[in-house]
Amino acid sequence: QGYSANDNPIQVVDTGSAGTVSATYTPTTYLQFTITSNAPSIIDFTVSVTGNGQTYSGSGNTWDQQTVSFTVPYGTYQWSVSPASVIFATHGIKYTYVLSPQSSGSATTNATIDLQYVQQSATFNYTWTESGLPSGTQWSVSVNGQTYSTTGNSITLWFNSGQTYSWTASASNGWVAHPGSGSFSSYGSASITFAPALTASVSNIYPNPADANQPVTFTLSASGGSGSYSYSWTVAGPSGSTVASGTYPSSGYTSSTSYTTGFTPSSSGTYTIYLTVKDSIGDQATAQGSLNVNGPLTIVSFYVSPNPGT
């Protein structure tokens, strides 16, 4: 079954003596594999067939040698194709192609097996690059709740296409990331600048306590952040209403880490000085100080007679 002889029919001539006739039988049954692809490049593949105590192997590609055939004795064979999957990378995106409907199986002779490499998934990379941190400082990026850390200056990760991812960045020892968060859904990158945490303070309130209508000075200070600051302050009087305010500089930012200003309270009570400092990369810090003010001095006039009793 599944064989044919050579030189068939065979001519036999009687010569009056004994003789022999030889015939060679070869298989006529086959297994044929046709493998195609919609991948962006040629895929080279190898087909292996095993059965009846024999192993057969053949190679092809998805461009100009898509069909590989084997002439084998009649029977059922196990077969496999490699590679079962292929990854192509281009412009920061990885495409994974797999053999469909399968990469291995069994087949009985005189069968044609059609397979195709089809796209299973696409992945892309996203890179975060930092500046501002001292060398060797550990920093982290958290993506959808998963944290990745490094002491280098960049982190590159791969993600499945078709989703939107949210991220936050952080570092130890009070360093603040700018920007500190974001989202992405495709190949790209983000540049992160780290700066020391911005702080503010109100100090040197003098005199304290003060008297009503007595000029009072105080010092407003900032540290950390980008090193360029804007100061905005208000003073709330005993009733809570604003009695004084100011900004420094009048526009833009200054590199000054402190400046002194003041106001004159008009009545007794407790005054609160509120300070807001912003830096040039968007951070903000607040502080406040308290001033106690006594009532105005009471001047008592009295007359002393030079002639007692009169």
Side-chain angles (χ1 to χ4, degrees), residues 35-46 59-66 81-104 114-198 225-228 278-284:
I35 302 175
T36 58
S37 171
N38 59 5
S41 186
I42 299 172
I43 300 175
D44 295 315
F45 58 81
T46 300
S59 299
N61 63 66
T62 56
W63 175 248
D64 58 3
Q65 195 177 344
Q66 298 176 339
V81 179
S82 62
S85 63
V86 180
I87 295 176
F88 294 97
T90 178
H91 302 298
I93 302 175
K94 288 181 180 179
Y95 300 93
T96 301
Y97 288 80
V98 299
L99 268 176
S100 177
Q102 61 199 79
S103 61
S104 62
D114 293 320
L115 304 171
Q116 183 180 33
Y117 285 97
V118 297
Q119 183 178 317
Q120 181 188 55
S121 64
T123 58
F124 63 90
N125 66 42
Y126 199 86
T127 299
W128 293 263
T129 303
E130 74 81 18
S131 62
L133 288 175
S135 178
T137 301
Q138 180 172 290
W139 61 284
S140 303
V141 171
S142 295
V143 183
N144 287 5
Q146 181 68 44
T147 300
Y148 308 87
S149 301
T150 185
T151 55
N153 66 352
S154 67
I155 296 174
T156 298
L157 302 171
W158 288 89
F159 302 92
N160 290 326
S161 297
Q163 300 182 50
T164 297
Y165 299 86
S166 298
W167 63 269
T168 59
S170 62
S172 57
N173 301 324
W175 292 86
V176 179
H178 303 275
S181 62
S183 63
F184 60 92
S185 58
S186 61
Y187 165 76
S189 62
S191 297
I192 301 171
T193 300
F194 283 95
L198 179 63
S226 68
S228 296
K278 297 181 180 180
D279 69 5
S280 58
I281 53 177
D283 272 355
Q284 178 175 300

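Since the model is a prediction, treat every value here as computed from it, not as a measurement.
- The 12-atom threshold is exceeded at CH2 of Trp158, counting heavy atoms of other residues, nucleotides or ligands nearer than 6.0 Å.
- The backbone N or O of Thr147 lies less than 3.5 Å from no partner atom in the side chain of Ser140, so there is not a single donor-acceptor pair.
- Partners of Tyr117 under the ring-ring contact (aromatic ring centres under 6.0 Å, His included) rule, at least two apart in sequence or in another chain, do not exist in this structure.
- Asp279 approaches Gly225 most closely through the heavy-atom pair OD2-CA, 3.2 Å.
- Taking the ring-ring contact (aromatic ring centres under 6.0 Å, His included) definition, one finds that Tyr187 meets it with nothing, sequence neighbours left out.
- Thr164 and Ser183 share no donor-acceptor pair across their side chains, judged by distance under 3.5 Å alone.
- Put simply, the side chain of Phe45 does not reach to within 4.5 Å of the side chain of Val86, judged on heavy atoms.
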Original post:
Yes or no on side-chain contact (heavy atoms from CB on, under 4.5 Å) for Ser104 and Val81, after CA distance, side-chain angles and deciding distance?
Top reply: CA-CA 6 Å; Ser104 62; Val81 179; over 6 Å; no
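- Of all heavy-atom pairs between Ala177 and Phe194, the closest is CB-CE2, 3.5 Å.
- Considering all non-hydrogen atoms of both residues, Pro83 and Leu99 come closest at O-CD1, 3.9 Å.
- Atom CD in Gln65 sits 7.5 Å away from atom OG in Ser59 (nearest 0.5 Å).
- Put simply, CD1 on Ile87 and OG1 on Thr96 are 4.0 Å apart, with the number rounded to the nearest 0.5 Å.
- To the nearest 0.5 Å, the span separating OG on Ser82 from CG on Asp44 amounts to 11.0 Å.
- A distance of 11.0 Å separates OH of Tyr165 from OG of Ser186, quoted to the nearest 0.5 Å.
- Contact of the Thr36 side chain with the Thr62 side chain is not registered, since no non-hydrogen atoms from C-beta on lie closer than 4.5 Å.
- Scanning all heavy atoms of the two residues, the minimum distance from Ser41 to Phe88 falls at CB-CE2, 3.3 Å.
- Screening Ile281, Val176, Asp283 for a side-chain contact (heavy atoms from CB on, under 4.5 Å) involving Leu198 leaves a single residue, Asp283.
- Summarising the geometry of Pro179 relative to Ile192, their closest heavy-atom pair is O-CG2, 3.9 Å, with the distance given to 0.1 Å.
- When all heavy atoms of Asn38 and Gln116 are compared, the closest pair comes out as N-NE2, 4.3 Å.
- One distance of note links CD1 of Ile155 with OG of Ser149; it measures 6.5 Å at 0.5 Å rounding.
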Return all side-chain donor-acceptor pairs below 3.5 angstrom for residues 124-136, not counting sequence neighbours, or 'none' if the list is empty.
unit_1: Tyr126; atom_1: OH; unit_2: Ser189; atom_2: O; d: 3.3
unit_1: Thr127; atom_1: OG1; unit_2: Thr156; atom_2: OG1; d: 2.8
unit_1: Glu130; atom_1: OE1; unit_2: Leu133; atom_2: N; d: 3.4

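- Residues Trp175 and Trp139 have side chains not in contact (no heavy-atom distance under 4.5 Å, counting atoms from C-beta outward).
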